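First up is the structure itself, then whatever we jot down about it.
Here the structure is a predicted model, which is why all the values come from computation and not from measurement.
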Amino acid sequence: MPELPEVETTLRGIEPHLLNQRVARIIVRDPRLRWPVPTDVSKAKGQTITSLERRGKYLLLKLQQGGLIIHLGMSGSLRILQEPRPPEKHDHVDVELQNGVCLRFNDPRRFGAFLWVDGEMQSHELLRNLGPEPLSGEFTAGYLYQRSRNRSVAIKNFIMNGHIVVGVGNIYASEALFMAGIHPLRAAGRVSRQRYEGLVEAICDVLERAIRRGGTTLRDFVNSDGAPGYFARELLVYDRAGSDCFQCGCTIKQKTIGQRSSYYCPACQR
DNA sequence: ATTGACTCCTGATGGC
DNA sequence: TGCCATCAGGAGTCAA
C-alpha cells in the first residue's frame with residue numbers, strides 16, 4: 001500500500017512522539033510478518049530513540065545501540081497511542097515508551113517487516129544496495145539515463161525498481177509516466193536523455209505534492225493519527241481506466257505490466 | 001547481469 | 001446468504 005509519500009507521512013507523524021524517548025518494552029503479539037520478528041527486538045528495551053529516518057519505503061528507528069527497521073508492506077500502518085488501548089485484529093507489534101505513549105504496528109496482510117539491526121543500519125542487507133532517494137540531488141536525468149542504457153525492461157518496472165530509485169510504487173509510477181508523456185511499456189533503454197529530464201521532474205513533482213496531501217488513500221492507508229491522505233483526488237490516471245484523459249479526452253487504459261496494474265493514456269504517452 | 005514469474009497473506013468486491 | 005474468482009500503495013527469491 002504505502003509508497004514514499006505515505007511512509008514519509010507516517011514518519012512525520014510518529015517522529016515528534018518518539019524522538020529522544022526511552023523504550024519501556026516491545027510486545028510482539030504475532031511475529032509472522034514477511035520475516036519472523038526476531039527476539040532481538042527486545043534489545044531496544046531501556047534504550048533511547050536517537051533518530052528516525054526514512055530510506056525509500058523503510059523506516060529506521062535508531063537507538064543508542066542498534067535500531068529497528070520497519071517496512072509497511074502492502075497493508076501496514078503505524079499508529080501513535082497516547083494511552084493504552086486494547087489491541088485489535090492485526091495489531092502485531094507495540095513499542096511502548098516509558099512516558100506511556102505506544103507505537104502500534106498493524107498489518108493485515110503481513111507483508112511488512114519489523115527487524116532488528118545490531119550495527120550500522122545503512123549497511124544492512126536490505127538497505128545496502130538501494131538506489132538514490134528521488135528527492136535528493138543524486139537522482140538526476142543523467143543518472144537514470146546512464147543506468148538504463150541497453151536495458152529492455154519496461155520503463156515502469158525500471159522506475160519501480162528500488163535498486164534504481166527508491167520509493168516509487170505502483171501509483172506514482174503510473175502518474176509520473178503520464179506527466180512525462182512516456183508509455184509505461186517503453187523499454188527503459190529507449191527513452192531519450194531529454195525525456196528522462198521530464199521524468200525526473202515528474203517523479204519529484206508528484207511525490208512532493210502527494211506528501212503535501214498526506215499521501216494517497218485508495219482503500220485503507222491511514223497516517224499515525226488514523227486519518228487518510230488526500231492525494232487520491234489529484235490522481236490523473238491511476239484507477240481511472242475507462243475515464244477520459246484530462247489532457248486529451250480519450251479513454252484511459254489499464255494494462256498489467258510486471259504483474260501490476262498500470263494506467264495510461266494511449267494518446268498522450270509514447 | 002537481466003528478465004519475468006512466483007510467492008507470501010488477508011480482506012473487499014462482484015458475479016452467480 | 002453463500003460460494004467462488006479476482007484484485008489490492010511491495011519486493012525478495014528463483015530459474016532461465
Flag for A:Ser148-A:Tyr196: side-chain donor and acceptor within less than 3.5 Å: yes
(request) Mind running side chain to side chain contact (heavy atoms under 4.5 Å, CB included) on A:Val166 and A:Glu133 for me, showing each step along the way? (result) CA-CA 6 Å; A:Val166 295; A:Glu133 288 289 330; 3.5 Å; yes
Please determine whether a side-chain nitrogen of the Lys or Arg among A:Asp94 and A:Arg25 lies less than 4.0 Å from a carboxylate oxygen of the Asp or Glu.
no
- request: Measure the distance between the ring centre of A:Phe111 and the centre of the six-membered base ring of B:dC9, then answer whether it is under 5.5 Å with planes under 30°.
  value: no
Checklist entry - Under 4.0 Å between a side-chain N or O of A:Ser261 and OP1 or OP2 of C:dC7? => result no
Whole-Å distance, A:Arg219 CZ to C:dG10 P, equals 11 Å
Note to self: For a quick check of understanding: with a heavy-atom distance under 4.0 Å over all strands, which category does A:Arg110 fall into, base, sugar-phosphate or nothing?
What the structure shows: sugar-phosphate
Query - Side-chain ion pair, A:Lys43 and A:Asp118, N-O less than 4.0 Å - result: yes
Under 4.5 Å between any side-chain heavy atoms of A:Tyr264 and A:Lys255, yes or no? yes
Smallest heavy-atom separation, A:Phe158 atom then A:Ala188 atom, equals CG-CB, 3.7 Å
Taken to the nearest whole Å, CD/A:Gln259 to P/B:dT3 is 14 Å
When rounded to whole Å, the CZ to C1' distance for the pair A:Arg55 and C:dA11 reads 15 Å
Review point. Between A:Arg151 and B:dT3, is there a side-chain N or O to OP1/OP2 distance below 4.0 Å?
Key: yes
Among C:dG12, C:dA8, B:dT2, the one nearest any side-chain atom of A:Trp35 is C:dG12
Heteroatom pairs (N/O) under 3.5 angstrom, protein to nucleotides 11-14 of chain B:
residue, atom, partner, partner atom, Å
B:dG11, OP1, A:Lys89, NZ, 3.1
B:dG11, OP1, A:His90, NE2, 2.7

The nucleotide from B:dA5, B:dC8, C:dG12 with an atom nearest the side chain of A:Tyr58 is C:dG12
| Any side-chain heavy-atom pair from A:Lys253 and A:Thr251 closer than 4.5 angstrom? | yes
Separation of B:dA1 atom C1' from A:Asn129 atom CG, nearest Å, is 14 Å
Among B:dT3, C:dG10, C:dG12, the one nearest any side-chain atom of A:Leu126 is C:dG12
Against the side chain of A:Tyr263, the closest entry in C:dG12, C:dA8, B:dC9 is C:dA8
Practice task
Using a 4.5 Å cut-off on heavy atoms from C-beta on, say whether the side chain of A:Thr48 contacts that of A:Arg22.
Solution key: yes
Per atom distances to the A:Asn170 side chain, the nearest of C:dG10, B:dT3, C:dA8 is C:dG10
Any side-chain N or O of A:His71 less than 4.0 Å from the OP1 or OP2 oxygen of C:dG10? no
Numerically ordered, the residues 233-242 of chain A set in heavy-atom contact under 4.0 Å with DNA chain C is A:Tyr238
Whole-Å distance, A:His163 NE2 to C:dG10 P, equals 15 Å
- [ ] For residues A:Arg195 and A:Arg186, determine if any side-chain heavy atom of one lies less than 4.5 Å from a side-chain heavy atom of the other.
- [x] yes
Worksheet entry | Between A:Asn170 and A:Lys156: side-chain donor-acceptor atoms closer than 3.5 Å | yes
Rounded to whole Å, CD of A:Gln254 lies from P of C:dC7 at a distance of 8 Å
With a 4.5 Å cut-off on side-chain heavy atoms, are A:Phe111 and A:Ser75 touching?
no
| Is the closest side-chain donor-acceptor distance between A:Asn106 and A:Glu88 under 3.5 Å? | no
Quick note, A:Met74 side chain, CB onward, closest among B:dT3, B:dT10, C:dA8 is C:dA8
Quiz item: What integer number of Å spans the P atoms of C:dC14 and B:dC9?
Solution: 16 Å
To the nearest angstrom, the CZ-C1' distance between A:Arg260 and B:dT3 comes to 17 Å
To the nearest angstrom, the CG-P distance between A:Leu127 and C:dG10 comes to 17 Å
Encoded 5' to 3' (Watson-Crick or G-U under 3.5 Å; [ ] crossing; | other strand), DNA chain B becomes .|||||||.|||||||
- Query: Looking at A:Phe246, does the NZ or CZ of A:Arg240 lie under 6.0 angstrom from its six-membered ring centre and within 45 degrees of the ring axis?
  - Reply: yes
